[in-house]
Undergrad: 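Once you've had a glance at the structure underneath, I'll fire off some questions.
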Amino acid sequence: MKTVTLTMPLDMHVHLRDGDMLKIVAPLTSYTFSGALVMPNLVPPITTKEMVKEYRSRIKAAMESDDFEPYMTLFYQNFSREFLESVQDDITAIKIYPSGATTNSQGGVVSFDIEPMRETLEAMSDFGIVLCVHGETQGFVMDREAEFMSVYEKLAINFPKLKIIMEHITTREAVEMLDRHPNLYATITVHHLMITLDDVAGGMLRPHLFCKPIAKRPHDRDALLKIALQAHPKVMFGSDSAPHPKHAKESCGCGAGVFTAPIALQLLCEIFQEHNALDNLQAFVSDNAQRIYGICAEYKEVVLVERDFVVPEIYADVVPMRAGETLTWSIERVD
Ligand code: NCD
Ligand code: ZN
């Protein structure tokens, strides 16, 4: 049977939540990943050094293994240079959300005018703190990401030393933006490599595939696939695994988020194998992220085997993507 060994897989965009949900999902991520960039959109959002430290401790306590590093983030505010200097060793990145763009983003920014952000972004450049961006405007839902490209350009030009990550990109426009500025990078989810809007709403509505940014058109998915499969040096895997309780997804007013943490590596093997690109998977799920972020991940070896895996219908209270379906790759062991 065919096997693939991945060393130190990293998930550079994950939602681990807090409380009971953290206890459900954290062990699923820490089982197969060496580390993950943990999003700060809790209620209330993570905005102080104490909150970062306490959240990190709760994550560590919820893990079932010690060989996992939660890379912590702050929820963007116009932080002072003094504050950033004091917190630089506790965080890896700061995540900026446009206000109201997605789940728990109400405290995000209302404008991307440069001047009010200058002190913060210059200090982040100086301290090597990465800026992760949820890049969507308030426009028509299918155009929000493409319309945001001018903001990425403005940020990249004004802060050339700042590493800027275009999070969970979903469009051809974002793929084309990647090589225009040396300080722009991107994460790509596994679901956006697989689905388009048709899968979400083209037939029966499938709430478990509803997320922000919404899945786009076939040509967008193909553009994402192309750079992921070649493990373009400026892209890395970020699942954006975003658990919501079953009742909140299967309801009127379904929350945005797809839960993929326990099946992400299996799905990636399927996709990369289908396109004869398994040799590039290691770079996509680990090497690129380590280089872009300058991190040295905890040692972990994950062996996957080409053997059927039936996805559980539910993990405690959370329905995963592909629930009840059979995947063609399984986790064989983790060393
Ligand atoms: C995320 C969540 O639920 O926190 N939802 C999502 O659809 N991706 C937030 C986000 O990353 O946009
Ligand atoms: Zn996210």
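Computed over heavy atoms, backbone and side chain alike; hydrogens, waters and symmetry mates excluded.
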Undergrad: Would you say E301 and Y299 are linked by a side-chain donor-acceptor pair, where the criterion is simply a distance under 3.5 Å?
TA: yes
Undergrad: State, without any angle test, whether H232 and D179 hold a side-chain donor-acceptor pair at a distance under 3.5 Å.
TA: yes
Undergrad: May I ask you to decide if the ring planes of H168 and H13 are parallel, tilted or perpendicular, using 30° and 60° as cut-offs?
TA: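 Plane angle between 30° and 60°, so tilted.
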Undergrad: A side-chain contact here means heavy atoms from C-beta on lying under 4.5 Å apart; do I169 and L224 qualify?
TA: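 Side-chain contact under 4.5 Å: yes.
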Undergrad: Could you check if a side-chain atom of N41 sits within less than 4.5 angstrom of a side-chain atom of R17, using non-hydrogen atoms only?
TA: yes
Undergrad: Quiz question: by atom type and distance under 3.5 Å, do the side chains of Y152 and K154 form a donor-acceptor pair?
TA: no
Undergrad: So that I can tick it off, tell me whether K49 and D90 are bridged by a salt bridge, with the cut-off set at under 4.0 angstrom between side-chain N and carboxylate O.
TA: yes
Undergrad: Could you tell me whether the side chains of E145 and T171 share a donor-acceptor contact shorter than 3.5 Å?
TA: yes
Undergrad: Could you tell me if R81 sits above the aromatic ring of F127, with its cationic atom closer than 6.0 Å to the ring centre and no more than 45 degrees from the axis?
TA: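 Yes, R81 sits over the ring of F127.
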Undergrad: Have S330 and Q266 got a donor and an acceptor in their side chains that come within less than 3.5 Å?
TA: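 Q266 and S330 do not have a side-chain donor-acceptor pair below 3.5 Å.
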Undergrad: For residues Y185 and N183, is any side-chain donor paired with an opposing acceptor at under 3.5 Å?
TA: no
Undergrad: Quick one: do D67 and K300 satisfy salt bridge (Lys or Arg N to Asp or Glu O under 4.0 Å)? Show the steps, please.
TA: CA-CA 7 Å; D67 55 355; K300 186 175 278 185; 3.5 Å; yes
Undergrad: If we ignore angles and hydrogens, is there a donor and acceptor under 3.5 Å between the side chains of D11 and S239?
TA: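 Short answer, yes.
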Undergrad: Answer with yes or no whether the side chains of S86 and E82 bring together a donor and an acceptor at under 3.5 Å.
TA: no
Undergrad: When you check the gap from the basic side-chain N to the acidic O, do D126 and K161 get nearer than 4.0 Å?
TA: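 The answer is yes: the pair qualifies as a salt bridge.
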Undergrad: What I want to check is whether the side chains of E147 and Q138 have a donor and an acceptor closer together than 3.5 Å.
TA: no
Undergrad: Once rounded to the nearest 0.5 Å, what's the spacing between atom CZ of F68 and atom OH of Y31?
TA: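 Reported value, rounded in 0.5 Å steps: 14.5 Å.
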Undergrad: Should L10 and F237 count as side-chain neighbours, where that means a heavy-atom distance under 4.5 Å?
TA: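 Counting from C-beta outward, L10 and F237 never come under 4.5 Å.
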Undergrad: Using ring centroids (six-membered ring only for Trp), state whether F272 and F284 fall under 6.0 Å.
TA: yes
